[in-house]
Q: 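The structure follows.
The chains referred to below are lettered A, B, ... by the order of the sequence lines, with proteins before strands, and numbering in each begins at 1. Just so it is clear, the model here is predicted, and its values are computed rather than measured.
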Amino acid sequence: MVKAYTQEHIYKHPWEIVTSASWRKFTEPENKRILSHILEVDTLNSNLDSETGKLTTTRAITVNAPGPWFIRKIIGQNICHCVESTVVDGQSRSMQLTSRNVSLRKYIEVEEKIRYDPHPENPNEWTVCQQETSIKIKPFTALASMAEKIEQRCAEKFLQNSVKGREVMERICKYLESANSSTSNSTSGISA
Amino acid sequence: MGVLKKKDPKTSPCAVLRAAYHDCFNRWYSEKFVKGKWDKEECVSEWQKYRACLSEHLEDKHLSRFLEAEAAINSSDKKDSTVFN
């Protein structure tokens with residue numbers, strides 16, 4: 001009983017801008033209204049390898065418990081704690097995020113992997129985002145008999161949230177680009 | 001800073017320090033890191049203050065669980081040059 005799906009999205013913005021937006025998505029207060037399922041984000045760890053340009057970060061993310069309201073009733077929890085680990089390779093220009101829930105695991109396991117890479121056909125201007133999500137309702141719990149339905153509802157909710165997430169990403173990309181072109185004294189914008 | 005207001009349960013006691021660190025980090029990432037300027041450590045004092053607050057409020061936030069999970073995730077990863085720690 002696992003529901004898994006993948007999504008791909010092409011941002012018509014350079015990798016530098018898109019990955020900057022990814023960091024800002026959950027940490028800027030102005031996005032809170034749209035991304036209302038994200039309650040808190042704390043950075044637990046951040047390591048930079050100053051030789052190779054590899055940045056490794058772990059964040060704790062508290063979200064509204066996924067799925068329909070009756071699940072929250074059954075499990076008696078409104079919130080869910082997740083850990084997100086991110087690896088950015090500044091040299092090869094890749095960013096990979098893996099998030100999984102650390103609470104409620106006896107009921108549900110959600111894992112989300114996101115990658116941001118330069119678009120192969122237009123590596124300096126476009127960015128490919130690939131997202132893989134898997135949702136698993138644990139057997140032998142109060143939820144098991146309706147597992148399939150719940151997985152489906154969770155998946156729908158995650159898809160809705162990723163649409164909202166992309167809207168926010170686009171907005172941040174735009175203002176970063178405008179900030180960038182007004183501060184940079186050349187027309188080249190961000191250079192890799 | 002210093003005096004904590006009576007708690008809104010939704011607001012982390014470290015919210016101000018957290019915002020300062022995240023602002024600094026976000027700026028560093030878009031202005032330096034993506035331009036290949038990753039040799040110098042930045043946001044260190046912001047990080048230290050924020051991190052101190054977090055450790056102090058671990059219990060409140062159930063963050064100890066996060067840290068355990070994080071340790072499990074990263075245990076295979078050996079990190080030598082720790083800039084933000």
Side-chain angles (χ1 to χ4, degrees), chain A residues 14-29 39-62 79 81-85 87-91 93 95 98-103 105 172 176-177 179-180 183-184 190-192, chain B residues 9-44 46-47 50-51 53-55 57-58 60-74 76-85:
Chain A
W15 179 87
E16 289 72 10
I17 293 277
V18 174
T19 57
S20 296
S22 167
W23 286 116
R24 288 164 191 246
K25 184 163 80 165
F26 296 157
T27 55
E28 289 185 336
L39 302 176
E40 291 215 63
V41 178
D42 272 301
T43 301
L44 302 178
N45 217 333
S46 192
N47 294 287
L48 173 71
D49 185 327
S50 53
E51 300 272 297
T52 61
K54 218 173 194 187
L55 174 66
T56 313
T57 295
T58 310
R59 301 197 297 182
I61 302 182
T62 307
I79 58 166
H81 298 292
C82 306
V83 166
E84 171 205 76
S85 25
V87 180
V88 187
D89 188 329
Q91 222 147 36
R93 299 167 84 218
M95 181 190 229
T98 305
S99 315
R100 51 175 78 88
N101 61 311
V102 290
S103 69
R105 286 188 77 83
I172 304 173
L176 284 175
E177 272 168 352
N180 215 35
T183 53
S184 107
I190 279 191
S191 53
Chain B
K10 284 206 176 136
T11 309
S12 158
C14 305
V16 173
L17 297 173
R18 171 172 67 193
Y21 170 70
H22 284 154
D23 283 352
C24 183
F25 175 89
N26 289 342
R27 225 174 313 120
W28 168 79
Y29 183 86
S30 18
E31 290 170 14
K32 306 268 172 73
F33 182 82
V34 295
K35 298 178 182 178
K37 297 176 197 156
W38 49 64
D39 53 316
K40 213 176 114 247
E41 91 186 64
E42 296 202 11
C43 308
V44 178
E46 286 86 351
W47 170 249
Y50 167 47
R51 182 72 204 200
C53 180
L54 268 190
S55 340
H57 294 92
L58 276 186
D60 303 15
K61 296 209 68 230
H62 311 287
L63 274 176
S64 41
R65 204 163 4 165
F66 285 132
L67 292 170
E68 284 161 25
E70 179 216 347
I73 291 166
N74 292 332
S76 55
D77 246 17
K78 184 72 212 110
K79 298 165 215 111
D80 292 323
S81 59
T82 302
V83 164
F84 290 100
N85 266 349

Q: Is there a side-chain contact between A:T43 and B:F25 in this structure, where contact means two heavy atoms from C-beta onward sitting under 4.5 Å apart?
A: no
Q: So does A:K54 have more than 12 non-hydrogen atoms from other groups sitting under 6.0 Å from NZ?
A: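 No, because the 6.0 Å sphere around NZ of A:K54 holds 12 heavy atoms or fewer from other groups.
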Q: Closest heavy-atom contact between A:S20 and B:V34?
A: OG-CG1, 4.5 Å
Q: Looking only at non-hydrogen atoms, find the nearest pair between A:S46 and B:Y21 and report the distance.
A: CB-OH, 3.7 Å
Q: For B:R51 and A:N45, work out which heavy atoms get closest and say how close.
A: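 Smallest interatomic distance, heavy atoms only, reads NH1-N, 4.2 Å.
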Q: Please report the shortest heavy-atom distance between A:L48 and B:W28, naming the atom on each side.
A: CD2-CZ2, 3.7 Å
Q: Roughly how far, to the nearest 0.5 Å, is NE2 of B:H22 from CZ of A:F26?
A: 12.0 Å
Q: Using a distance-only test with no angle check, is there a side-chain donor-acceptor pair under 3.5 angstrom linking B:N26 and A:T27?
A: yes
Q: To the closest 0.5 Å, what do you measure between OG (A:S50) and CD (B:E41)?
A: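 One finds 8.5 Å between OG of A:S50 and CD of B:E41.
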Q: In Å and rounded to the nearest 0.5 Å, what is the OG to OH distance from A:S22 to B:Y29?
A: 7.5 Å
Q: Would you mind checking which part of A:T98 comes under 4.5 Å of any heavy atom in chain B, side chain (CB onward), backbone (N, CA, C, O), both or neither?
A: neither
Q: Please test B:K35 against A:E16 for salt bridge (Lys or Arg N to Asp or Glu O under 4.0 Å), starting from the C-alpha separation and ending with a verdict.
A: CA-CA 8 Å; B:K35 298 178 182 178; A:E16 289 72 10; over 6 Å; no
